[in-house]
Each structure stands twice: as structure tokens, then as C-alpha cells.
**Q** 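Take a look at this one; I'll ask things after.
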2 protein chains.
Amino acid sequence: MTGLHLQPQVITPKGTFTLMVTIYDVAKKANVSPMTVSRVINRSPLISEKTRLKVEAVIEELDYIPNKQARSLISKETKLVSLVISDISNPFFTTIARGAEDKAMQSGYQLLLGNTDEQTMKESRYIDLLLSSKVDGVLIAPAGDGSLANLRKLVKRKVPFVLIDRHVDGMTSDLVLGDNPETTRKLVAHLVEQGHRKIALINGPSSVSNARERKQAFQEALLLNGLELNPQLFIETHFRQDNLSDIVNTLIRLTPDERPTAILAANNFIGVNTIRALRQMQIDVPGDVAVACFDDPEPIPDYNPFLTVAAQPAYDMGYMGMQMLIERIEGTAPPSTRKVVLPSELIIRKSTDRKL
Amino acid sequence: MTGLHLQPQVITPKGTFTLMVTIYDVAKKANVSPMTVSRVINRSPLISEKTRLKVEAVIEELDYIPNKQARSLISKETKLVSLVISDISNPFFTTIARGAEDKAMQSGYQLLLGNTDEQTMKESRYIDLLLSSKVDGVLIAPAGDGSLANLRKLVKRKVPFVLIDRHVDGMTSDLVLGDNPETTRKLVAHLVEQGHRKIALINGPSSVSNARERKQAFQEALLLNGLELNPQLFIETHFRQDNLSDIVNTLIRLTPDERPTAILAANNFIGVNTIRALRQMQIDVPGDVAVACFDDPEPIPDYNPFLTVAAQPAYDMGYMGMQMLIERIEGTAPPSTRKVVLPSELIIRKSTDRKL
DNA sequence: TAAGGTTATGTTATCGGTAACATAAAAATA
DNA sequence: TATTTTTATGTTACCGATAACATAACCTTA
């Protein structure tokens, strides 16, 4: 034994306790070497039944719990993974978190949760923390294309990661994404079916891949349906919860032959806030304007259905993303990167229910 | 220098890199001792300006990031806190998570997220993990009174913790709770005002303090309003998302003079699922039966208001809980335990809107 | 300029584990 | 029984950082 391994002690009315029980304490009490204790903990087969039982009894007696920090220092693995999401108040992302947590725990990993509020800066600070914490891998919904520099830090340090919900221009990696083109087509097709000819898109920022793809697909879908593209009906904002009065006002103030009869929102928060803004202006949804969006704002399905949505399989995205990450960490994934694209489900509700 | 500190190396087409830059690498390159580097990192004032700049330049050049594990081994602090919640799909808890994450990050702590699904067993396993990870503290919404044993493990290991949303019989600790008696009174008073005389309570399990207190307060509130207590109108279930058809059916099948005209649900999920069950039976809410509950199921206020709720300040609960925890960790809290009780806000919506 | 006090830097041991090697004990084989 | 093989246990060094102590370099001040 190299050190003395003296333990700090506390004296209480009930006796004297050591604050932390180490492998040395167990070894001493069991009259074996620390290494033998280590072998018992790690279920090495090179241990006699007798010794194993003796050591296990002492472990039980002293209520010994191995110190992960110390172990990680040698093993280079922490069994920590991080989930970095861009908006912790959004049910879409918390559902992803649920899926990711389930898979992580099942596989023996603990989840460090980080929230970036869609800010590249916040994301950058968080990634620095993660590198310092030596997480085994990162499942991340990047804040936008500005995340490239942050992801490069992970690449440089060889920390495996999987992108979720969004990809980042210039970065090749494992991906779990929604099917933006198909989902957009479905939503536009539904609105067209409902008789709409002037459809506006309130999109997220073009720095986020989702927004770019949805815009692109939106334009194609309009053309496909023989509708013309009116630039005034395309507006960019951000994905987070906010007041959309100004934006919605701009749309509504258009001349009657330009004013949209339907608004497509690029995510659930934009959808919900669009409805709130419309109502504030005494505009009826869906009577005057129909609204549909990507992602369900409702954490619980079908209790108060109102908003027509294309629901992406958030739970599965989290679960699968974590699964791919763990495979990558443990070296069981194929060397080339994988891309999983999951379909969404169109849920038609009152907000687009228009009997024309 | 004690060891050789040889670094594992990787040879790539672009050259040879060391996988991990340590304090020794920095020291060598800067021609100082590791201790000097350590002092620079920790902003010790006992460093000459010249040396500091030199070392900082090397840190920058090598892109050195300190290893937290190694540091924790000596310092005994990890800057990790855990948030253990009992239902990660419930907006009430994810809002708590948001508050807790905000405060933790602001204070330089990272958040380990754990989900217990209201199961004492799952909670127990998670607590074991936490003890092994040596988190500095735990903010926990305990699964129920069965959590006592789990909390005792924390006490034994002197890991500071704060209970949130629920307390546990037999455990004294810092607490952040909603005001159950007052909230219950408000809800019952509202229903009575709406003309209801037969009010049912669909409660959570009595193993959870919330449920017990809500039942107690419910009974008192009925008496206070001169209403009689009908045991048939009191039903216990669990807090998580589920199908309540059977339970609701039992209530509805009561004779007309016993059948409740209003149902009070002990949390948001029960409230929502009660409504779903009623609708499946073609029973109109609020026309035939009014429904109100604790906690808002809506993550976004006022976009599609339907359910009357007593909204507890979930964000504040998370934020304050984390604040109290950090004060406890850092020793800036008073030695005696603190109890914070936060008021809720009654939000009256359609589900109890009955013009009698 | 020598003695004393500061300030800046280095050395050693340690945190709690484990890999790699060494050795002792038990079992198998000659 | 002596020798080899196998199995069980112990020793030493190390992971990457830092506390505590030791020493060297620089300033004062007499």
C-alpha cells in the first residue's frame, strides 16, 4: 500500500464514523489487499468463492460504494452522457429527453442535461463544461449552423456525438432527423385540400437546418400544388416562445387578395403563439385563418385537441439517438456515420377545420 | 515529477496527436512545474505576471482543459447536482427542471437528470448511482413515503438534499412545497360557487404527501362549505398518465342523487385523463360534469385554455429549490432546515364554466 | 551589503481506484 | 514426490490534479 489512507472522521453522539469508506477500508477489515476487493467489485473470475463471500460481507457491512471519479481516472470512461437541447420548455424537446433518459439508464449511463436556449454562446460554454467533465458522449440538438465550432471541439477531443432534430452544415456525423420534406408536403397538401390558396409560412431562423429545409420544401410543395410563391407570405422568426403580434399583424394587414387564409408554423411554439396573436386581434381560428404547425405542443394527446400538427416522433428520436450514441461510444456502431430519418404523423384538428 | 506521464498517441494522416492534454504537458512546454500551471488555472495571486502569461499562452496553444475527475478526487466537490423527478413527461416537473437547470448553471453546477416514474425502486437505484458519482447535492421530488430509505442513504453519506413538491414522513429536511390546504380550498370554493354540491376527488396515492394533504384539505373544505362527505366520491389512483375509464365510470354510474356534478383531480394528468374518459362516455365537460385540477397540463399558457386549474409555480419551485440546495452545499444556509411554501394561482377556464 | 521579509516556484505525497506484473497457493501431471 | 500448470492474491506504479511544505528569487531596510 502506497499511502496511509487516513480517513477524516466525525464524532457524533452515536459513535465515530469515517466520512468516506474506501477500498482500503474494506481491504483492511477483510484482511485482503485492495486489489482483491477491486476484483470482487468488478466480478473478476479469479477470486475464490470463500474470499469473495468474505469481501462481499465487509462491503455490505461498511456499506461501501465505489468512487466513480477515481475509477474514471484510469478507465477513461465516466458512464456519463450529455443531452444538450435547445429549449427545455418545449414539450418536443422534453419528450426527446424522456426517450434519451430511458435508453441511457437502461444501458447504465447517467444523463447530464443541458439547455442552450437556442444560443450558440450558451451551447459553447456548456460544451466546454462537458469536455472538462469527460462525458463519454453527447446527444445534441444544435442551436444552429453556428454550432459548427462547438461540434468541432468535440471532434477534436474525440468525444462521440449524435445530432438530433437538426444537422449542421459542414459537419458529418450520426444523425436522427425528422423527415422535413415529406412532413412539409403533408401539411401543405392538407391545407390545400381545405381550400387554401394563400398560405403563409412563419419559419424559424435560416441558421437552423430545419428551417432551411422546411422553407425549401414549402416552396416546392406550393409549386407542386400549382400555387404561386408570394415572398410576403414568408416570414422568419425564432423557434422559442415569444410574442408574434407584429409578425402576424403584418400578414393580416395585407390586401384582401394577398392576405393568407392559412398559416403554417415551423414549430409548435410558433404555432401556438400565432394563434394567440390572431385571437388578440379578434381573428377567428380556423374561421378566418387556419393554422397548422410542426410538432405537437400538447404533452398529452387528445385531451383538448385544437391545433393541427405534424407530430414528429420525439420520444423515438431521443431513444434512437441515445442508442446510436451508445453504440458509437462502445464501438459497436459501424465506422461510417449513420442517418436515421423518422416520419411524422399528420394530426388534423380544429385549427384547420374549415368547411368550404 | 513522480510519474513519467507518457501520453497515448494517435497517428493520423495529419500528424501525431496526444489524446489528452494534461497539466504535465502544459508544464513541460512552458518550462514550469505542474504546480505553477495549477496555480495559473486556479487564479492564485502568487504568480508573476510574466509566468502567468507564458503559461496561459501554452494552455491556449495546446487547448488544455482541466480534468474534473482528477480535481474532484482531492477537492471532494464535483460541481454536479442531481435533479430527481418522478415523472419526466409531466410539464409540471419539466418546468421545475427548467428552473432548477437555470439556477444550477448560473451557479456553476451541472445538472444530472433522473426520472423515477414514481417508483421507489427506480429511485433507489438512481440514488445509488448518485452516491457513486459523488454529486454535491440532490434536489428531489420523492416518489412517496417509501423514499424514506433512499433519503436516509443520502443522510448517511452526508449528501445535502432538498425535497421538492412533496415531503416524506419521518424525514426532516429543507423543503419547497406548494400550499396544499390553501390551493384545495380555492378549488373547492370555486366549484361550490359554480353551484356544485356533489364533488368527487380523484386523488393520487396516499403514500405521497401531496395526496394525503389534498384529501385532508378536501374533506375540511367540504365541511366548511356545509357539504357532506360521501366516501363513494373519493377515489385513489396514481399520478401518472393512464386510462381512467373504470374509475370515472364508477362515479358516473352512481344514482342520480349521488353522482358528482364536479370532479376535482389531484394533478394535471388525472385531470386531463378524467376529461378524456368522460368524453369517451359521451359526457359533456363542463355541461354534464365540471372538472378542475392541480397543476396546469399546458406548457404554454393561454393558447387553448380549457381546463380550470390551480397552477403551482413550478419554475419558481425548481429555481428556489436549487438555490436552497446550493446554499446548503456551500454552507451559506442556516443550520436549521427551511421550509418554503409557495402559493398557487387559480386559473378558471371552460372546464368549470357552468351557468346555473 | 548583509539580514530579514516577501513573493514566486518547485517537490513530495496524496485523493481512490486499477493495470500490469510478481508471487504464493492449490491442483494437475509426470 | 517432484514438477508443471493453474488459480488466487499481493505489489508497485500510475491516472491528473492539488495541498502542504520546502526552497529559490526578489525586495526591503538597517
Side-chain angles (χ1 to χ4, degrees), chain A residues 1-8 18-55 58-59 62 64-79 131-134 157, chain B residues 1-8 18-28 30-56 58-59 62 64-79 131-134 157:
Chain A
M1 197 186 301
T2 323
L4 288 171
H5 285 280
L6 290 174
Q7 292 295 323
T18 52
L19 265 185
M20 192 182 296
V21 177
T22 74
I23 207 167
Y24 296 94
D25 302 317
V26 176
K28 200 171 155 191
K29 187 139 199 163
N31 252 309
V32 295
S33 75
M35 198 57 223
T36 300
V37 179
S38 174
R39 289 193 180 100
V40 171
I41 299 165
N42 295 294
R43 314 195 176 291
S44 155
L46 293 168
I47 286 274
S48 75
E49 181 76 1
K50 209 181 73 188
T51 314
R52 215 198 66 227
L53 292 173
K54 182 174 62 175
V55 171
V58 176
I59 286 178
L62 297 183
Y64 165 73
I65 296 182
N67 182 331
K68 260 197 182 186
Q69 323 279 324
R71 184 179 280 170
S72 304
L73 208 49
I74 287 202
S75 73
K76 306 296 177 202
E77 58 170 38
T78 54
K79 290 290 175 184
L131 290 173
S132 173
S133 306
K134 295 276 181 283
R157 288 282 175 1
Chain B
M1 198 186 302
T2 322
L4 288 171
H5 284 281
L6 291 173
Q7 291 296 322
T18 52
L19 265 186
M20 192 182 295
V21 178
T22 75
I23 207 168
Y24 296 94
D25 302 317
V26 176
K28 200 171 157 191
N31 252 307
V32 294
S33 75
M35 198 58 223
T36 300
V37 179
S38 174
R39 289 193 179 99
V40 171
I41 299 164
N42 295 294
R43 313 198 176 290
S44 156
L46 293 168
I47 285 276
S48 74
E49 180 76 2
K50 210 181 72 186
T51 314
R52 215 197 67 228
L53 291 174
K54 184 174 61 176
V55 171
E56 279 172 349
V58 175
I59 286 178
L62 297 183
Y64 164 74
I65 295 182
N67 182 330
K68 261 198 181 183
Q69 322 279 325
R71 184 179 280 170
S72 304
L73 207 49
I74 287 203
S75 73
K76 306 295 176 203
E77 58 171 40
T78 55
K79 291 290 177 183
L131 290 173
S132 172
S133 308
K134 294 275 181 284
R157 286 287 177 356

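Quantities reported herein were computed from a predicted structural model and do not represent experimental measurements. Convention: sequence-line order gives letters A, B, ...; per-chain numbering from 1.
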**Q** Is there a side-chain polar atom (N or O) of A/Thr51 under 4.0 Å from OP1 or OP2 of D/dT9?
**A**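 Yes, A/Thr51 has a side-chain N/O under 4.0 Å of OP1/OP2 on D/dT9.
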**Q** For C/dG10, does either OP1 or OP2 sit under 4.0 Å from a side-chain N or O belonging to B/Thr36?
**A** yes
**Q** Describe, as an angle rounded to 10 degrees, how the axis at the first end of the helix from C/dT1-D/dA30 to C/dA30-D/dT1 is tilted relative to the axis at the last end, five pairs per end.
**A** 50°
**Q** Can you see if the side chain of B/Lys76 gets near the phosphate of D/dT18 - specifically, an N or O under 4.0 Å from OP1 or OP2?
**A**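 It does not, given that no N or O in the side chain of B/Lys76 lies less than 4.0 Å from OP1 or OP2 of D/dT18.
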**Q** Starting at the 5' end of DNA chain C and moving along, which residue's nearest nucleotide shows up first, B/Lys134 or B/Ser48?
**A** B/Ser48
**Q** Expressed in angstrom and rounded to an integer, what is the separation of B/Leu46 atom CG from D/dC26 atom P?
**A** 16 Å
**Q** Return the value, rounded to whole Å, for the distance between atom CD1 of A/Ile74 and atom C1' of D/dA17.
**A**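 Whole-Å distance recorded here is 14 Å.
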**Q** State, yes or no, whether a side-chain contact exists between B/Thr22 and B/Asn67 at a heavy-atom distance under 4.5 Å.
**A**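 Sidechains of B/Asn67 and B/Thr22: no contact.
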**Q** Could you grab the distance from atom CD1 of B/Ile41 to atom CD of B/Glu56, nearest 0.5 Å is fine?
**A** 10.5 Å
**Q** Write down the distance between CZ (A/Arg43) and C1' (C/dT18), rounded to a whole number of angstrom.
**A** 17 Å
**Q** Could you give the CG-to-C1' distance, from A/Asn67 to D/dA17, as a whole number of Å?
**A**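 Between C1' of D/dA17 and CG of A/Asn67: 14 Å.
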**Q** Whole angstroms only, please: what is the CD-P distance between A/Glu77 and C/dT18?
**A** 11 Å
**Q** Within this structure, what is the CD-to-C1' distance between A/Glu49 and D/dA8, rounded to whole angstrom?
**A** 13 Å
**Q** Hey, is NZ on B/Lys54 packed in by over 12 heavy atoms from elsewhere, all under 6.0 Å?
**A** yes
**Q** For A/Tyr64 and C/dG17, is the shortest distance between a side-chain N/O and OP1 or OP2 below 4.0 Å?
**A**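 Answer yes for this pair, as a side-chain N or O of A/Tyr64 is under 4.0 Å from OP1 or OP2.
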**Q** Keeping to residues at least two apart or across chains, list the salt bridge (charged side-chain N to carboxylate O under 4.0 Å, His left out) pairs with something in residues 65-76 of chain B.
**A** none
**Q** Nearest-Å distance, CE (B/Met35) to P (D/dC21)?
**A** 13 Å
**Q** What residue among B/Val26, B/Val58, B/Asp25, B/Ile47 forms side chain to side chain contact (heavy atoms under 4.5 Å, CB included) with B/Val37?
**A**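 Testing B/Val37 for a side chain to side chain contact (heavy atoms under 4.5 Å, CB included) against B/Val26, B/Val58, B/Asp25, B/Ile47 leaves exactly one candidate, B/Val26.
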**Q** Report yes if a side-chain nitrogen or oxygen of A/Ser33 is closer than 4.0 Å to either non-bridging phosphate oxygen (OP1 or OP2) of D/dG10; otherwise report no.
**A**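 True: A/Ser33 side-chain N/O within range (under 4.0 Å) of D/dG10 OP1/OP2.
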**Q** With a 4.0 Å limit, can you tell me whether A/Asn42 has a side-chain N or O closer than that to the phosphate oxygens OP1/OP2 of C/dT18?
**A** yes
**Q** Tell me which nucleotide among D/dA17, C/dC15, C/dA8 gets nearest to the side chain of B/Leu73.
**A** C/dC15
**Q** Return the value, rounded to whole Å, for the distance between atom CG of B/Asn31 and atom C1' of C/dG10.
**A**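 Those two atoms, CG and C1', are 13 Å apart.
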**Q** So which one's nearest nucleotide on DNA chain C is more toward 5', A/Ser38 or B/Val32?
**A**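 Final value for this comparison: B/Val32.
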